[in-house]
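Here's the structure we're looking at; comments come further down.
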Amino acid sequence: MAAGDLARVLVPGTVSLLMRAGEPGAPRSAAAPYGVRTLCRGLIQAVEGSTGHGGELALPSLPTSIVLRESEGLRRMVRLEAHNEILLVLADGAVVATVPDQICMISTADGMVVDVDKAEPGLEVDIMVVKAAPVWHTAEGLALGGPHAFGLAL
């Protein structure tokens, strides 16, 4: 992308925000000024459609469904729908998170983000949602990065 185009479409302050967030000892809130919430902790039960699991990756990855059983609280069945990134989270069939917010799987073993193509049964993960900048929740932002932009008719 040309620098002029980037300057026109970039969410103001995000580059400096990322630089501050990358400093040693920076608080987690530095990387998520609009909020972070934990949806659940659970054990992955099944992965359908992924090209990963240690093999040669073909990018972009195939559409993938990841099913986990919540290990605390309501013990819901949680389904993640992904295509390179997690687009939708359902808990017992109800929508609990969607793009444009960033949905992440975090390994409870080491605190690292688990890529969709690295998800595998038996792995315990936290599902976190990082709230997108407000501009992404406008009609124009949702048209570009909301559920309908990925073919999800919600």
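Predicted model, so just to flag it, every value in this text is computed and none were measured.
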Looking at side-chain heavy atoms only, is the closest gap between Cys104 and Ile86 below 4.5 Å?
no
Look only at the side chain of Ser71 and the backbone of Arg41, and say whether a donor-acceptor pair between them is shorter than 3.5 Å.
yes
Does a side-chain heavy-atom distance below 4.5 Å link Trp136 with Leu144?
yes
I need the Leu90 CG to Leu154 CG distance, nearest 0.5 Å.
8.0 Å
So Leu68 and Met105, side-chain contact (heavy atoms from CB on, under 4.5 Å) or not? Walk me through it.
CA-CA 11 Å; Leu68 58 104; Met105 282 187 294; 5.6 Å; no
One pair to check against side-chain contact (heavy atoms from CB on, under 4.5 Å): Leu39 and Val78. What are the steps and the verdict?
CA-CA 10 Å; Leu39 286 179; Val78 178; over 6 Å; no
Assess whether side-chain contact (heavy atoms from CB on, under 4.5 Å) is satisfied between Glu120 and Ile44, documenting all intermediate values.
CA-CA 7 Å; Glu120 58 186 30; Ile44 296 176; over 6 Å; no
Value rounded to 0.5 Å, distance of CG in Leu88 from NE2 in His83
14.5 Å
Show the nearest heavy-atom pair for residues Val95 and Thr98, with the distance to one decimal.
CG1-CG2, 3.6 Å
Restricting to non-hydrogen atoms, name the atom on Pro121 and the atom on Ala46 that form the minimum distance, rounded to 0.1 Å.
CG-CA, 4.3 Å
With a 4.5 Å cut-off on side-chain heavy atoms, are Val89 and Val129 touching?
no
Quick one: list whatever passes side chain to side chain donor-acceptor pair (under 3.5 Å) with Asp92, sequence neighbours left out.
none
Quick one: CZ on Arg69 to CD on Glu124, what's the gap to the nearest 0.5 Å?
14.0 Å
Go through the steps for Ile127 and Val96 under the test side-chain contact (heavy atoms from CB on, under 4.5 Å), then give the verdict.
CA-CA 11 Å; Ile127 306 302; Val96 294; over 6 Å; no
Taking side chain as C-beta onward, heavy atoms only, is Arg79 less than 4.5 Å from Ser65?
yes
pair Pro147-Leu87: side-chain heavy atoms closer than 4.5 Å:
no
Kindly give the heavy-atom pair with the smallest separation between Cys40 and Arg76, and that separation in Å.
CB-NH2, 4.1 Å
Find out if a path of hydrophobic residues (ILVMFWY) with successive side-chain heavy-atom gaps under 4.5 Å connects Leu123 to Ile66.
yes
Mind listing the closest non-hydrogen atom pair of Ala143 and Ala149 along with its distance?
O-CB, 3.4 Å
Evaluate the side-chain proximity of Ile106 to Val113: yes if any heavy-atom separation is below 4.5 Å, no if none is.
yes
Which distance, rounded to the nearest 0.5 Å, do you find between the CG of Asn84 and the OG1 of Thr64?
8.5 Å
Show the nearest heavy-atom pair for residues Asp101 and Ala132, with the distance to one decimal.
OD1-N, 2.8 Å
